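Every value quoted in this text rests on a predicted model; they were computed, and no experiment measured them.
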Amino acid sequence: MIPVTQENATQMTICELQTTIDNWILTTGRGYFSPLTNMAVLTEETGEVARIMARRYGDQVAKPSDNADLADELADILWVVGAIANQTGVDLTSAVLNNIRKKNIRDKERFSSRDNENK
C-alpha cells in the first residue's frame with residue numbers, strides 16, 4: 001500500500017488513517033508511546049478542543065493570545081485515537097460500523113418519540 005500523504009490524499013478511509021499513523025510512528029516518530037501515555041495525550045488533546053469550544057461557542061471569553069485551530073485540534077484527537085487503536089489491535093473501521101449498527105437498533109425510535117412529545 002502506498003502511504004497516504006498530504007500531497008497524494010484527497011480522501012482517506014479509516015483504514016488508511018490507521019496505516020498512515022502506524023507508518024509515521026514507526027519511521028518518523030521512532031515508535032509508539034505506551035497505551036497509558038497515549039490515553040493521557042488523548043485527554044490533553046480533548047481538553048484543547050474543550051477550551052476552543054468554551055471560548056468560541058460557550059460563555060468564556062477568548063484571550064488575545066488564543067489562536068487555536070479547531071480543525072487541527074480535532075485532527076490531533078483522530079491521530080491519537082488511531083494510535084491507541086493500532087497498538088491495542090482495534091480495527092476502527094469495524095468498530096465504527098458496529099457502533100452505527102448498535103445506535104440504529106438501540107435508538108431507532110428514541111428521538112422520534114421525543115419529537116412527537118414536543119408537538
**OP:** Mind running side-chain contact (heavy atoms from CB on, under 4.5 Å) on L70 and M53 for me, showing each step along the way?
**Re:** CA-CA 8 Å; L70 180 59; M53 296 300 292; 4.0 Å; yes

**OP:** Calculate, to the nearest 0.5 Å, the distance between atoms CD1 and CG belonging to I52 and L74 respectively.
**Re:**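 Here the interatomic distance stands at 7.5 Å.
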
Original post:
Taking atom CG of L78 and atom CE of M12, what is their separation to the nearest 0.5 Å?
Top reply: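 One gets 10.5 Å once the value is rounded to the nearest 0.5 Å.
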
Subject >> Test side chain to side chain contact (heavy atoms under 4.5 Å, CB included) applied to L17 and I21, T20, T13, the passing residue >> reply: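 Testing L17 for a side chain to side chain contact (heavy atoms under 4.5 Å, CB included) against I21, T20, T13 leaves exactly one candidate, I21.
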
**OP:** Identify, with sequence neighbours excluded, every residue that meets side chain to side chain contact (heavy atoms under 4.5 Å, CB included) alongside N67.
**Re:**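 Testing N67 for side chain to side chain contact (heavy atoms under 4.5 Å, CB included), a comparison that skips the adjacent residues, returns none.
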
Subject >> Residues in side chain to side chain contact (heavy atoms under 4.5 Å, CB included) contact with I100, at least two apart in sequence or another chain >> reply: V96, N104

Original post:
Who passes salt bridge (Lys or Arg N to Asp or Glu O under 4.0 Å) against D72, sequence neighbours left out?
Top reply: none

**OP:** Check for a donor-acceptor pair, side chain of N98 on one end and backbone N or O of S94 on the other, with a separation under 3.5 Å.
**Re:**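 Yes; judged by distance alone, with no hydrogens or angles, the pair exists.
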
Anything under 3.5 Å between a donor and an acceptor, one on a side chain of residues 38-49, the other on a protein residue two or more places apart or in another chain? List them.
from, atom 1, to, atom 2, distance (Å)
N38, ND2, Q87, OE1, 2.7
T43, OG1, M39, O, 3.0
T46, OG1, L42, O, 2.8

Original post:
Do you know which two heavy atoms are closest between T93 and C15, and how far apart they sit?
Top reply: OG1-N, 3.6 Å

Original post:
Which heavy atom in Q18 sits nearest to a heavy atom in A85, and how many Å separate them?
Top reply: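 For Q18 versus A85, the nearest heavy atoms are NE2-CB, 3.6 Å.
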
Original post:
What pairs of residues pass the salt bridge (Lys or Arg N to Asp or Glu O under 4.0 Å) test when at least one of them lies in residues 80-104, not counting sequence neighbours?
Top reply: none

Original post:
Is there any salt bridge (Lys or Arg N to Asp or Glu O under 4.0 Å) pair reaching into residues 49-67, and which pairs are they, with sequence neighbours excluded?
Top reply: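 Found R55-D66.
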
**OP:** Name all pairs fulfilling the ring-ring contact (aromatic ring centres under 6.0 Å, His included) condition that reach into residues 51-84, sequence neighbours left out, sorted by first residue then second.
**Re:**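 Residue pairs passing ring-ring contact (aromatic ring centres under 6.0 Å, His included), neighbours aside: W24-W79.
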
Original post:
Under 4.5 Å between side-chain heavy atoms, hopping through other hydrophobics if needed: is there a path connecting I84 to I77?
Top reply: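 Yes, because I84 and I77 connect within a single hydrophobic cluster, where side-chain heavy atoms sit under 4.5 Å apart.
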
Only pairs under 3.5 Å count here: list side-chain donor-acceptor contacts from residues 29-36, not counting sequence neighbours, and write none if there are none.
from, atom 1, to, atom 2, distance (Å)
Y32, OH, D22, OD1, 2.6
Y32, OH, N86, ND2, 3.0
S34, OG, T37, N, 3.1
S34, OG, T37, OG1, 2.9

